[in-house]
Each structure stands twice: as structure tokens, then as C-alpha cells.
Amino acid sequence: MSLEHWVWLGIATQPGSKIVDDILRVFPDPEEFFLSGDSGIEKIKSIKEADALRIRATNLDVAKRAIETAENYGAKIITKESEFYPQNLLKIEAAPPVLYVLGDETCLNTVPAVAVVGTRRLSEYGDKMAQIIAGGLGSAGALVVSGMALGIDSSAHKACLSAGGKTVAVQGCGICKTFPPENIELKELIAANGAVISEFPPDSEARSSFFPIRNRIVSGMSLGVCVIEAAARSGTSITANLAFDQGRKVFAVPADVNRTTSQGTFRLLRSGAIPVADAKDILSEFGDEHTAHLSLEKIRKRKIEKNPEAKNERPEKAPKPVKKAPPPGLSKSALAIYGVLDRIPKSADEISELTGLPSSAIAVGLTELELLGLVIPSSGRRFVIA
């Protein structure tokens, strides 16, 4: 089967369209459909006139350019026939014919994969819970899936990486684009320790209409979706509803019901979502079939390391936090940033004023320090020493 014809099928049909399923039922090889012309189109009853016009207007040169663009960017392309295509995703309606992958395509079939999603307007509590849950999943060896949006998504990706886990970001734009642009460094880190994927043609800019389409992949490739803070009407709620429709388990973290960003999770809990407080709560729902190869003990050890009270050894007096000595090999920017941080939260602008570093260097340095566990984000995108 030709890669060019698989890519052609993905471009010639609307992303998220169910006509792809109908086409592949009649023509398992996209090349056969391409060569069949109008007679093939007429065999697919679900193809409307607008769909037919798009299919006829898309030639093979468009697919060849998309392949060249992706490969020049360093991305790979996997089809529904590939051994690396997420097996859970194959089970949903309108699964993408192809996925563009930046990073390690072999991690896409890690089991179990769990999506961790939530609001862009995260609170300090939401940020903490994202770190606990995504970090716990990552430390156990699960694959953490999210959308790389600002807020909960970004916090989940970073927490998983900090725990030494693998994470996958599903983009609502082409693989050669980054949205939001502020996450370019995070995108590179995810690609180096997991994968960034997209179904859209490589040079596609982000569009508001793309994100609901993207969300079906976030939920579809995962065994379950954990929602941490979500408004009643939001992209996160759409993802959770898709997960329900796809027969996935839906989890929600209880929070203050009076907060706008907790109303969505409250509704999910009333609709049958499973309340959870940590990664073990999630993984225990999947049974031995999916969790036998995971290291659940690592979650427990990680909690003990972070919280001495988990050992039932309550200290008489909490020790004063001690600033860790920076490890050798730290970049100059990260070293300068670490030097001005303490237990009082500081914003990126404040750090820039204290260090004289530009915002781009601040972003890279903070990410480096977060992954090493030397700093943690506080509310309002401020940072403190760990």
C-alpha cells in the first residue's frame, strides 16, 4: 500500500469525517479508491457533493508535498496499517487515515495510555493535582496523553516528563506548526521523551474548529480520560463527552464547586465520572490486563519522597526548606535563574529583571529546572524552588 495514497486520502477528506470509514470498507487500499475515480466515489453513498468536489480537487502532488514537508521537519508518517498506529484509536469512528509523528512513534502503543486534560485557567490546586496525577502515571510507566494547551495540559506534560515518563501531545494544527507558540520548548521536550502527533496536513495553522476534532484522538487513543478543572462548556468537557461516547473510562478530580472551572468536573461526576485523587485511583480501574507491566509501587515511593507523612512519621517540627545545590552541567541561564529563586513565588518578568535574561532564555531555563525537579510552578505562572 502506497504511503502517498494514504496521505492523499487524509487530505482529500475532511478531518474527522466518517466517510473515511465508509471508503476503507469498500476500498481497503486507498490507492484502489484513488484509481477508481468517479465510479469509486459513486459507490460510497455517504459522500455528498461537497465531499466529492474536495476529493476530485485533491491530486497526488498535494500528498507528495505533504510527505516532503513532514520529512524535512523531521516528522514520520504512520498509516492505519502501521504497527505503531495506536490500537485503541483504530476502534473509534473516523480514526485518522494517517498520523504525522514528531518523536518516538513506538511509544504510541504503550498500554495503558491515559489522557489528562483540563482548563487553560488553572488554579494552584489544579496545577498541584495535575502534577500528582500525571507525575504518578508517568512514574508508573503509563503513557500520558494531552493537548499541549496552556494550563492543565502543559502542567500534565511537564509533570510526566519530570517523573521520567513518556507523554504524547496531540496538536490542533499541523505537525510543523506549534500552538500555542509559547510551548515551542515544551514541544521539543515532548518529542525527545515521547511524541507530538497530528492528523492535519503538516503546514496547517491552528483553527478553533480543529480542536474538537483533535480531542477525539486524545480520548480515542487512551483507555481513560482524567479531567482536572473544567468549565461547564469547554473543550475539556467535549473531550470527556467524546470519551463517554467511545466507551472510555472518565475520571474527574473533585474541587470547589463554587469555582467556574470546577463546574464542568462537578457535572461529569454527576454523569458517572469516577472521582480520583491520584494516579493509583485511575490505574486500579483498568485491571491486571493493562496494569500488570506497570510499576504501581513507584507511585507509592514517589509519594513518600514528596510527603514524609505518608510513612506515618510525622516530624515534630517541619524542617525549613533547604535549597538544593545545582547539579553539574546546568546551563548558564538555568543557573542564573535558580540563583534568584527562593520560596517566594516569582513571575518570569520578575526573574528577567533580576537576572537580565531575555524572556526566551527564561522560558528555556525554567523548563530545564522543572524537569530536574529544582523548581515548581505556583499560581499565576510564578515559580518557587522545589
Side-chain angles (χ1 to χ4, degrees), residues 16 18 86-95 111-123 125-137 140 142-147 149 151-153 155-156 159-160 168 170 211-292 294 296 299:
K18 295 178 183 178
Q87 294 303 298
N88 282 329
L89 194 58
L90 287 173
K91 301 172 185 176
I92 72 167
E93 289 186 327
V111 178
V114 180
V116 180
V117 296
T119 182
R120 290 172 175 79
R121 298 165 52 206
L122 81 168
S123 67
Y125 169 77
D127 188 27
K128 177 182 177 182
M129 292 310 299
Q131 292 182 51
I132 290 172
I133 289 174
L137 291 169
L143 183 71
V144 174
V145 181
S146 199
I152 294 292
D153 289 18
S155 183
C160 179
V168 169
V170 188
F211 293 102
I213 297 171
R214 176 274 307 270
N215 291 346
R216 85 191 191 290
I217 299 178
V218 174
S219 57
M221 68 179 291
S222 307
L223 290 174
V225 175
C226 179
V227 178
I228 304 173
E229 292 193 315
R233 294 183 179 181
S234 62
T236 302
S237 296
I238 291 172
T239 306
N241 290 330
L242 285 167
F244 276 127
D245 292 342
Q246 292 166 345
R248 306 297 189 253
K249 288 184 181 291
V250 178
F251 308 94
V253 176
D256 183 354
V257 296
N258 294 311
R259 291 183 63 89
T260 301
T261 53
S262 297
Q263 291 172 2
T265 48
F266 178 67
R267 287 190 180 185
L268 289 173
L269 289 167
R270 292 192 66 183
S271 299
I274 301 167
V276 294
D278 58 24
K280 200 167 186 180
D281 287 343
I282 295 173
L283 295 175
S284 64
E285 291 289 329
F286 295 129
D288 292 340
E289 177 189 357
H290 298 298
T291 60
L294 297 181
L296 300 186
I299 300 177

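None of the values given here were measured: they were computed from a predicted structure. Quick note: residue numbers are just sequence positions, from 1. Atoms considered below: every heavy atom in the structure, side chains included; atoms not considered: hydrogens, waters and symmetry mates.
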Using the side chain to side chain contact (heavy atoms under 4.5 Å, CB included) criterion, which residues pair with A115? Sequence neighbours excluded.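 V145, V218, S222, V225.
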Nearest 0.5 Å, what's the [atom1]-[atom2] distance between [X] and [Y]?
| X | Y | atom1 | atom2 | answer |
| --- | --- | --- | --- | --- |
| R121 | R259 | CZ | CZ | 8.0 Å |
| L143 | L223 | CG | CG | 10.0 Å |
| D278 | L137 | CG | CG | 9.0 Å |
| S123 | D256 | OG | CG | 9.0 Å |

Are the side chains of [Y] and [X] in contact, using a 4.5 Å heavy-atom criterion?
| X | Y | answer |
| --- | --- | --- |
| E285 | F251 | yes |
| L122 | M129 | no |
| I152 | V117 | no |
| F211 | I238 | no |

Qualifying side-chain hydrogen bond (donor to acceptor under 3.5 Å, both in side chains) pairs, either residue in residues 238-247, two or more places apart: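 Applying side-chain hydrogen bond (donor to acceptor under 3.5 Å, both in side chains) to every pair that reaches into residues 238-247, excluding sequence neighbours, yields N215-T239, S219-Q246.
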Between R120 and A149 (side chain of the first, backbone of the second, donor and acceptor by atom type, cut-off under 3.5 Å), is there such a pair?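 The answer is no, because no donor-acceptor pair under 3.5 Å joins these two groups.
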Where do V250 and A243 come nearest, in terms of heavy atoms and distance?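 Reported closest heavy-atom pair: CG2-CB, 3.7 Å.
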Mind listing the closest non-hydrogen atom pair of C160 and V144 along with its distance?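 Nearest pair, atom of C160 first, then V144: SG-CG2, 3.7 Å.
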Can you give me every donor-acceptor pair (side chain of residues 265-276, partner residue at least two apart or in another chain, under 3.5 Å) with its distance?
| residue | atom | partner | partner atom | Å |
| --- | --- | --- | --- | --- |
| T265 | OG1 | S262 | O | 2.8 |
| S271 | OG | R267 | O | 2.9 |

Can you list every pair that meets salt bridge (charged side-chain N to carboxylate O under 4.0 Å, His left out) and has a residue in residues 216-232, with sequence neighbours left out?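 As it turns out, the salt bridge (charged side-chain N to carboxylate O under 4.0 Å, His left out) pairs with a partner in residues 216-232, which skip direct neighbours, are E199-R216.
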Looking at residues at least two apart in the chain, or sitting in another chain, which of them share a side chain to side chain donor-acceptor pair (under 3.5 Å) with T119?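 Counting only residues at least two positions away or on another chain, T119 forms no side chain to side chain donor-acceptor pair (under 3.5 Å).
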Tell me every residue that passes side chain to side chain donor-acceptor pair (under 3.5 Å) with K18, counting only those two or more places apart in sequence or in another chain.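 Listed in chain order: E93.
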